[in-house]
Structures are given as structure tokens and as C-alpha cells.
Amino acid sequence: MSTAMNFGSKSFQPRPPDKGSFPLDHFGECRSFKEKFMKCLRDNNFENALCRNESKEYLECRMERQLMAREPLEKLGFGDLIDGKSEIKTEP
């Protein structure tokens, strides 16, 4: 009688979400940053390299509000955008 009804023998051990999994923004705390990023994508034919500043701002908003784990911007691929530097190079 102790086959399928023995749920108490193992305790559930919660684990943090996998890298890349994060809570949804249920309260719209970063909605304006997301909308700015999406508008940039639409305006630039979804060429995400042209919207890296907006992407960085959106991820910073999520990190500040604990909607994702805090990571150094360099690790997220935005090292070149710190202090106003831009990766997109213009030729003279």
C-alpha cells in the first residue's frame, strides 16, 4: 500500500532557474524600456546591432528591479557601450 501514495519520503529541493530564465515583468516595471527597444528594432528592420543601447538599457532596468540576475555588462556583451562608447563604427 506504500507505492504511489508515499509522497512524503522525498523532500522537494528547489533550485534556481537555469541561466537565461528570469521572471516575467508582471507589473510592467521595464515596459517603457522594452517598448523603446522594440520600436528601435521595427525602425531598423529588426537589425539588432543598431539597437544595442536600447537593449543594454532594458537589461539594466531588469537587473535593477531584480527581474534577472545582476551580471556585468561586459559579460552580457556590452563592454564596448560603457561610458558612451559605441561598437558601430562610422567610416570617415
Side-chain angles (χ1 to χ4, degrees):
M1 192 83 202
S2 64
T3 55
M5 301 303 270
N6 197 359
F7 294 113
S9 65
K10 290 186 178 181
S11 63
F12 174 70
Q13 294 294 322
R15 63 181 183 90
D18 295 331
K19 186 91 169 150
S21 300
F22 44 82
L24 296 175
D25 187 5
H26 291 291
F27 301 111
E29 298 174 73
C30 297
R31 179 177 293 142
S32 64
F33 293 98
K34 179 188 80 171
E35 293 300 323
K36 184 178 173 184
F37 174 61
M38 295 304 295
K39 180 181 183 328
C40 179
L41 287 175
R42 285 189 299 273
D43 292 347
N44 290 290
N45 202 27
F46 295 93
E47 183 67 41
N48 63 345
L50 301 175
C51 301
R52 292 185 68 239
N53 280 316
E54 290 81 357
S55 176
K56 179 178 79 72
E57 291 172 1
Y58 175 60
L59 293 175
E60 286 176 323
C61 176
R62 291 190 62 87
M63 288 187 286
E64 288 169 6
R65 288 159 179 82
Q66 299 177 346
L67 294 170
M68 66 180 282
R70 183 161 293 281
E71 296 278 350
L73 291 174
E74 295 85 359
K75 191 173 179 182
L76 295 174
F78 297 108
D80 59 308
L81 296 181
I82 298 172
D83 297 331
K85 294 184 278 183
S86 177
E87 180 182 85
I88 299 174
K89 296 174 176 55
T90 57
E91 294 187 24

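By convention here, the first residue in the shown sequence is residue 1. Nothing here was measured: the structure is a model prediction, and the numbers come from that model.
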[X] [atom1] to [Y] [atom2] distance, which is reported to the nearest 0.5 Å:
X     : Y     : atom1 : atom2 : answer
Gln66 : Arg62 : CD    : CZ    : 12.0 Å
Asn44 : Cys51 : CG    : SG    : 4.5 Å
Glu60 : Leu76 : CD    : CG    : 9.5 Å

Flag side-chain contact, heavy atom, 4.5 Å: [X] against [Y]:
X     : Y     : value
Glu47 : Leu50 : yes
Asp80 : Arg52 : yes
Leu81 : Asn53 : yes

Test log, rule side-chain contact (heavy atoms from CB on, under 4.5 Å), inputs Glu64 and Leu59 = CA-CA 9 Å; Glu64 288 169 6; Leu59 293 175; over 6 Å; no

Please tabulate, for side-chain N and O atoms in residues 27-43, each donor-acceptor pair with protein atoms closer than 3.5 Å (sequence neighbours left out).
{"unit_1": "Lys36", "atom_1": "NZ", "unit_2": "Glu57", "atom_2": "OE1", "d": "3.2"}
{"unit_1": "Lys39", "atom_1": "NZ", "unit_2": "Asp43", "atom_2": "OD2", "d": "2.6"}

request  = Quick one: do Arg65 and Asp25 satisfy salt bridge (charged side-chain N to carboxylate O under 4.0 Å, His left out)? Show the steps, please.
outcome  = CA-CA 10 Å; Arg65 288 159 179 82; Asp25 187 5; over 6 Å; no

